[in-house]
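Worksheet: the structure to be examined is printed underneath.
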Amino acid sequence: QVQLVESGGGLVQAGGSLRLSCAAPGRTFSTYGLGWFRQAPGKEREFVAAVGWSGGRTDYADSAKGRFTISRDLAQNTVHLQMNSLNPEDTAVYYCAASSKGFGTRIREYGYWGQGTQVTVSS
């Protein structure tokens, strides 16, 4: 069955905001790091943001710093990505993932993935 489920994607105008959510319906990831990645058309998947298992440690891609905020709710076993000041370059399929290492910023550090949610930012 699906490991993680993303939601909250959609179409937004440049300068607008979206809040992505990710849930793990089948198991807990309380000791796992959680992250967001994205893949734009014709591009490779890239790191966006990560949060450690405790919810305290975070890291962001340079393109996301100052605009995106990652957070997790340990009780609800969910992770969120608040995206502000969106621009067309943010258009991509966004994936959430879980890392057994507790924290990670690279694809190879993540073993559990969602199927993605589309974010489209119009000019």
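The two residues P88 and S123 come nearest to each other via the heavy atoms CG-OG, 3.5 Å.
R38 has its side chain within reach of E46: a pair of non-hydrogen atoms, C-beta onward, lies under 4.5 Å apart. Looking only at side-chain heavy atoms (C-beta outward), T120 and V12 stay at 4.5 Å or farther from each other. Between Y110 and L34 the shortest side-chain heavy-atom distance does not fall below 4.5 Å. Looking at L74 and W53, their side chains never come closer than 4.5 Å, going by heavy atoms from C-beta outward. A 4.5 Å side-chain heavy-atom check between F47 and R106 finds every atom pair outside the cut-off.
Checking side-chain atoms of N77 against main-chain N and O of P25 turns up no donor-acceptor pair under 3.5 Å. Remark: side-chain polar atoms of R72 are paired, donor with acceptor, to backbone N or O of G52 under 3.5 angstrom. When atom types are taken as modelled, the side chain of T117 and the backbone of Y94 share no donor-acceptor pair closer than 3.5 angstrom. The main-chain N or O of G116 is found under 3.5 Å from a side-chain atom of E6 such that the two form a donor-acceptor pair.
Annotation: side chain to side chain donor-acceptor pair (under 3.5 Å) contacts involving residues 20-30, sequence neighbours excluded, comprise S21-H80, R27-Y32, R27-Y112.
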Audit row: W113, F37, ring pair (Phe, Tyr, Trp, His ring centres under 6.0 Å) steps and yes/no: CA-CA 10 Å; W113 294 84; F37 296 78; 5.1 Å; yes
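Applying the side-chain hydrogen bond (donor to acceptor under 3.5 Å, both in side chains) rule to Q115 yields no partners; only residues at least two apart in sequence or on another chain are considered.
Side chains of T78 and D73: a donor-acceptor N/O pair is absent below 3.5 angstrom, by distance only.
Atom CZ of R19 sits in a crowded spot, with more than 12 heavy atoms from other residues, nucleotides or ligands closer than 6.0 Å.
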